[in-house]
Amino acid sequence: MAHTCIHWFRKGLRLHDNPALMAALKDCKELYPLFVLDPHLHDSSCVGINRWRFLIGALKDLDLSLRKLNSRLFVVRGKPEDVFPMLFNQWKATRLTYEYDTEPYSLSRDKTVTTLAKEHGVEVIYKISHTLYDIDRVIEENNGKTPLTYNRMQAIVQTLGPPKRPIPAPTMENMKDVTTPCLENHEKSYGIPEVEDLGHDIAELPEECFPGGEQEALRRLEEHMKRTRWVCSFEKPQTSPNSLSPSTTVLSPYVRFGCLSARTFWWRLTDVYQGKEHSAPPVSLHGQLLWREFFYTASVGIPNFNRMEGNHVCTQVDWDSNPEHLAAWREARTGFPFIDAIMTQLRREGWIHHLARHAVACFLTRGDLWISWEEGQKVFEELLLDGDWALNAGNWQWLSASTFFHQFFRVYSPVAFGKKTDKNGDYIKKYLPLLKKFPAEYIYEPWKAPRSVQQAAGCIVGKDYPQPIVQHEVISKKNIQRMKLAYAKRSAHPAESPSKKQAVKRKGTSVIDMLKKKHRKV
DNA sequence: GGCGTCGTTGCGTCT
DNA sequence: GAGACGCAACGACGC
């Protein structure tokens, strides 16, 4: 039987390494490539203008690639549970394909849509291709426990072997019996939205640094893979958070939207490494992909992963609620030029270096402002092009020393850290031109400059640029003590403690182990 | 259960 | 300029 198939693009905005799309093309007579603008996911309150533009770029690129295969992309607005019953009927669909996703919202959404599909007699096929591995399989391999360290993660992955090889994009040969019924008013009914459609003010549209789309992703990948020596010697901690142009690949937004397949990236790196001495995880580029896998695994295995409450591995901390401080951080007016420059770059370009994220995240949480990592998570979710649910939640927990990382006395200085890689403060001057004329010795702490120096620089601290909102030397020491207290409370309540919890869990499974042993004896 | 080791990327000071 | 050390001492994991 020849199928009428809807392939539902969500993440996975690409043609290469797209097994669900290939499954759609099997025994297919009519193909409807679909993207649903879901109000739950595509809302201006949680998607910043840069991310919205990136998505639109990715969709336009996808449509362009589909046209080359005599097909088109259909964009439909609405809740999936409303959209699909309508489309199943209208298109007389017999099959629905999509790429599996592990986010809690995606899981519940897909469950609902699958039920609806069954009610309409539509077969559902999904494939795993967003992550290197089947995440459930990773947890299973670890005896059902979620790995909480990278080392453990590496050990599991070792037993699983290398990830599957990516598959090529469909060709005209795959499409020879397939048509996409398109009407003349396709643009009107199923067109791709424009940037202004989400209600952002396009007059404030910053310059686009990282255009979305699969073609750009593959171009960018190849551009970097040509740099064999750089790839082989790549060590993340050695790259600079405050260089004037990115010191890393900036492939993360493309991997996040699935414009670039993680497996394609992985195996392309393997090609480059072939026969050469090269760096290794956790610091290598392979290592970076494994970090992504690590946080995806944690996000699947740990309930309430994006929250402190109800998250049993997360240290419970009595964070302050301080709307003024939070706003100052978000709006780049903390009075610490290094922090403010990073937050400016984030808002303007949608990407900041990983270590820059560390600096501002530590500052917001355990370092200085003592504000919940969940607040930071929201801001990153909105502004980062690569804002990924699992990675964002995982890294915020890491940096706030709530989960995974526990050496809370290692605090990033908003003054000293940036100096290590940018003594003159060129990065600060790029993003905060107000401070352009400040001499290098005061650029990280302009409030220390004598009045005459401030006047000569044309920028008075307290008038043109804010006073620092906290005294870092004093407050960071105090916060280490507060962190210590939070940890003490944690170990005082064994049920809340992750290690004890795991122990309880182990005890629970030991019953099963006993039963197993008994079974073996029988 | 106890103990030792290790942990992607801190800072400031000393040599 | 690079490396070692004290800071005060965390949890996860493995044996």
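A, B, ... follow the sequence lines: proteins, then strands. Residue 1 opens every chain.
- Residue A:Trp291 has its side chain nearest to B:dT8 when only B:dG12, B:dG7, B:dT8 are considered.
- A:His286 places its NE2 atom 18 Å from the P atom of B:dT8, with the value rounded to the nearest Å.
- Checking B:dT9, B:dT8, C:dA12 against every side-chain atom of A:Gln288, the shortest atom distance belongs to B:dT8.
- Counting all heavy atoms, side chain and backbone alike, A:Tyr431 lies closest to A:Ala341 at CB-O, 3.8 Å.
- In this entry the distance linking OH of A:Tyr150 with C1' of C:dG11 reads 19 Å, nearest Å.
- Identified under the salt bridge (charged side-chain N to carboxylate O under 4.0 Å, His left out) test for residues 345-355 of chain A, with sequence neighbours left out: none.
- The minimum heavy-atom distance linking A:Phe9 with A:Arg14 is given by the pair CE2-O, 3.5 Å.
- Between A:Phe294 atom CZ and B:dG7 atom P there is a gap of 14 Å when expressed in whole angstrom units.
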Handout entry: Criterion side-chain contact (heavy atoms from CB on, under 4.5 Å) on A:Phe210 and A:Arg220, from CA distance to verdict
Key = CA-CA 10 Å; A:Phe210 311 105; A:Arg220 215 177 164 86; 3.9 Å; yes

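- Distances were taken from every side-chain heavy atom of A:His406 (C-beta onward) to each of B:dT9, C:dC13, C:dC10; the shortest belongs to C:dC10.
- For B:dG10, neither phosphate oxygen OP1 nor OP2 lies less than 4.0 angstrom from any side-chain nitrogen or oxygen of A:Lys420.
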Handout entry: Nucleotide-level pairing of DNA chain B, given in dot-bracket where Watson-Crick and G-U pairs need both distances under 3.5 Å and | marks other strands
Key = .||||||..||||||

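- Closest to the side chain of A:Phe417, out of B:dC11, C:dG11, C:dC13, is B:dC11.
- In this structure, A:Phe54 has its ring center under 6.0 Å from that of A:Phe257.
- Spacing between atom CG of A:Asn395 and atom C1' of B:dT9 amounts to 12 Å, rounded to whole angstrom units.
- Distances from the side chain of A:Ser491 to the nucleotides B:dC6, C:dG11, B:dT9 place C:dG11 closest.
- Atom C1' of nucleotide C:dA12 and atom CZ of A:Phe404 are separated by 12 Å, given to the nearest angstrom.
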Exercise for the section: List the steps, then state whether ring-ring contact (aromatic ring centres under 6.0 Å, His included) holds for A:His278 with A:Phe234. Expected result: CA-CA 8 Å; A:His278 60 85; A:Phe234 184 94; over 10 Å; no

Atom pairs, N/O to N/O, protein against nucleotides 6-8 of chain C, distance under 3.5 Å?
none

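- The residue from A:Asn242, A:Thr248, A:Thr239 that alone fulfils the side-chain hydrogen bond (donor to acceptor under 3.5 Å, both in side chains) condition with A:His353 is A:Thr239.
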Exercise for the section: Start with the C-alpha gap between A:Tyr133 and A:Tyr296, add the side-chain angles, then the distance that decides, and say whether ring-ring contact (aromatic ring centres under 6.0 Å, His included) holds. Expected result: CA-CA 10 Å; A:Tyr133 297 91; A:Tyr296 262 87; over 10 Å; no

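- Although no hydrogens or angles enter the test, the distance criterion places a donor-acceptor pair under 3.5 Å between the side chain of A:Asp134 and the main chain of A:Asp136.
- Across all strands, A:Val283 comes closer than 4.0 Å to base atoms (heavy-atom distances).
- When heavy atoms are screened at a 4.0 angstrom cut-off, A:Phe405 is found touching no nucleic acid atom at all.
- Residues A:Trp291 and A:Trp398 bring their aromatic ring centres within 6.0 Å.
- Put simply, CZ on A:Arg482 is 19 Å from C1' on C:dC10, counting in whole angstrom units.
- Per the geometry, CD belonging to A:Gln397 stands 22 Å off P belonging to B:dG7, to the nearest Å.
- Between the CZ atom of A:Arg410 and the C1' atom of B:dC11 there is a distance of 11 Å, rounded to whole Å.
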